[in-house]
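Written out below as structure tokens is the structure these notes cover.
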There are 2 protein chains.
Amino acid sequence: MAQKNRLKYVLLGLLKTKKQTGYDLAKSFDSDIGEFWNANHSQIYPLLKRMEEDKLIGHEDVTVGQKLQKKQYFITNKGQKIFYAWLKSPSDLDNTHDEFILKLFFIDDAQSPLLKPMIITQQKYHEEKLQQLNTQFKQKFSTQKKIDQNFGHSLVLRHAIDREQGYSNWLTEMLKLI
Amino acid sequence: MAQKNRLKYVLLGLLKTKKQTGYDLAKSFDSDIGEFWNANHSQIYPLLKRMEEDKLIGHEDVTVGQKLQKKQYFITNKGQKIFYAWLKSPSDLDNTHDEFILKLFFIDDAQSPLLKPMIITQQKYHEEKLQQLNTQFKQKFSTQKKIDQNFGHSLVLRHAIDREQGYSNWLTEMLKLI
DNA sequence: GCCTCCATGTAATCCGTTACATGATTAA
DNA sequence: TTAATCATGTAACGGATTACATGGAGGC
């Protein structure tokens, strides 16, 4: 055994809402869920095949135009079951792999000339991100109804915004310290 | 090519301070740096060997007791060079893999009975973590001198505390919402 | 006709985890 | 003497990234 294969549950979660092709699923990671999870099509297609062998999902072939065959995947009862079992199971937390933090750890000297430029670069990045997330929230959750119907998604996006804000504040504090 | 191999830089960073065995390096991840990076000895030993082939590090054999041979690794000039080059290079940020957040994303309904127990479990975890980090900070950085001599480390630990505090606050807010 | 996007796959490679395996030293 | 810790390795496997590869649909 090795690793977790949480991607399996992500795909089941996405298929829970509507049937989709592998291509559609892959696209979800470019927007939406991409904020906190990622996967490429080269990982998704083989996994879908294995999941179908395990009867967690099924597919129907759909013909588009003259020749193009696409596979509409859907979740099975068994798939639903293991998805909800996962939801209820305890969550373990990977440690974050933030390269900036890692570098910072190795700067022993408060007077190091490396510090300031590092912080400023990072700050720029996180401020852009923050703006982008705020825009996203306004677009996706413009009404209370939209929030109520995608409650978890809204909470998660709110969390991402909080996190970025916290990160920004911390960087600002650091600049004052040096 | 695949992936980043940042572990290489972590090991160089640790060896920059003092020469150490693979065993010592592996132990660093249990305390100290373990807060935001991890590695097992089974990954470390082969990597050290490769790094030595690349002349980033060297080692001297030390005999302990009658028979035990251990390898004291040290960083070379070349190793120092590529370490500082890495420090100065732009940092890219992996997206966090937080399983709780992932699950939350899939809870569409604000009235779902799953929500409350999930949040409470998570809250317990993060509050423990917060306490633990606070204790750690007090132990490691009891004087200003200690902070000044391990400035980056203190900033990073401060950040971890902020992050946990933010997470806790967010969870508390969520409980009010449901 | 051409470019963009849709759509599906495989191969190579590396990273990271778990498990297997062995033996020495040291302190209770 | 025995248990915990020090010390070093390999093997198997699964996850994730990058690159290679192919072809159809639809709009301009």
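Order of the sequence lines sets the chain letters (A, B, ...), proteins ahead of strands, with each chain counted from 1.
Listed by chain and residue number, nothing satisfies the salt bridge (charged side-chain N to carboxylate O under 4.0 Å, His left out) test with E128(A) (two or more places apart in sequence, or in another chain). Residues that satisfy the salt bridge (charged side-chain N to carboxylate O under 4.0 Å, His left out) test with R6(B), not counting sequence neighbours, are E99(A), D92(B), D94(B).
Note that NE2 of H97(B) is 10.0 Å distant from NE2 of H97(A), once rounded to the nearest 0.5 Å. Here K16(B) contributes atom NZ and L12(B) contributes atom CG; the two are 10.5 Å apart, rounded to the nearest 0.5 Å.
Rounded to 10 degrees, the angle separating the terminal axes of the helix from dG1(C)-dC28(D) to dA28(C)-dT1(D) is 20°, with each axis obtained from five end pairs.
What separates CG of L48(A) from C1' of dG9(C) is a distance of 12 Å, to the nearest Å. If you take CE of M51(A) and C1' of dG14(D), they are 16 Å apart, rounded to a whole angstrom. One can place CG of D24(B) at 9 Å from P of dC6(D), the figure rounded to the nearest angstrom. Between the OH atom of Y9(A) and the P atom of dG15(D) there is a distance of 11 Å, rounded to whole Å. One interatomic measurement links the two molecules: CZ of F29(B) to P of dG16(C), which rounds to 10 Å at whole-angstrom precision. The separation between N5(B) atom CG and dA16(D) atom P is 17 Å, rounded to whole Å. Whole-Å rounding puts the R50(A) CZ to dG14(D) C1' distance at 8 Å. The OH atom of Y23(A) sits 15 Å away from the C1' atom of dT22(D) (whole-angstrom rounding).
Residues from residues 37-46 of chain A placing a heavy atom under 4.0 Å of any atom in DNA chain D, listed by number, are N40(A), S42(A), Q43(A). Contacts with DNA chain C (heavy atom under 4.0 Å) in residues 52-61 of chain A: none are found.
Around CG of D30(A), the count of heavy atoms belonging to other residues, nucleotides or ligands within 6.0 Å exceeds 12. In K19(A), the NZ atom is not crowded: 12 or fewer heavy atoms of neighbouring residues, nucleotides or ligands sit closer than 6.0 Å. Annotation: Q131(B), atom CD; neighbour count of heavy atoms from other residues, nucleotides and ligands within 6.0 Å does not exceed 12.
By the 4.0 Å N-to-carboxylate-O rule, D54(A) lies too far from K78(A) to be salt-bridged with it. Of the charged side-chain nitrogens involved, at least one lies within less than 4.0 Å of a carboxylate oxygen, so that K176(B) and E173(B) count as a salt-bridged pair. In this structure, R163(B) does not pair ionically with D98(A), as no charged nitrogen and carboxylate oxygen lie closer than 4.0 Å. Using a cutoff of 4.0 Å between basic side-chain nitrogens and carboxylate oxygens, E35(A) and K129(A) are scored as salt-bridged.
A donor-acceptor contact closer than 3.5 angstrom links the side chains of D24(B) and T21(B).
Each of K71(B) and K27(B) was assigned the nucleotide of DNA chain D with the nearest heavy atom; the assignment lying further toward the 5' end belongs to K27(B).
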Between the protein and nucleotides 25-28 of chain C, which nitrogen or oxygen pairs come in under 3.5 angstrom?
unit_1: dT25(C); atom_1: OP1; unit_2: V64(B); atom_2: O; d: 3.1
unit_1: dT25(C); atom_1: OP1; unit_2: Q66(B); atom_2: N; d: 2.6
unit_1: dT25(C); atom_1: OP1; unit_2: K67(B); atom_2: N; d: 2.9

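Between F83(B) and W86(B), the ring planes lie tilted relative to each other; the angle falls in the 30° to 60° range.
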Determine, stepwise, if the pair E164(B) / H126(B) fulfils side chain to side chain donor-acceptor pair (under 3.5 Å). CA-CA 6 Å; E164(B) 287 303 322; H126(B) 283 280; 2.5 Å; yes
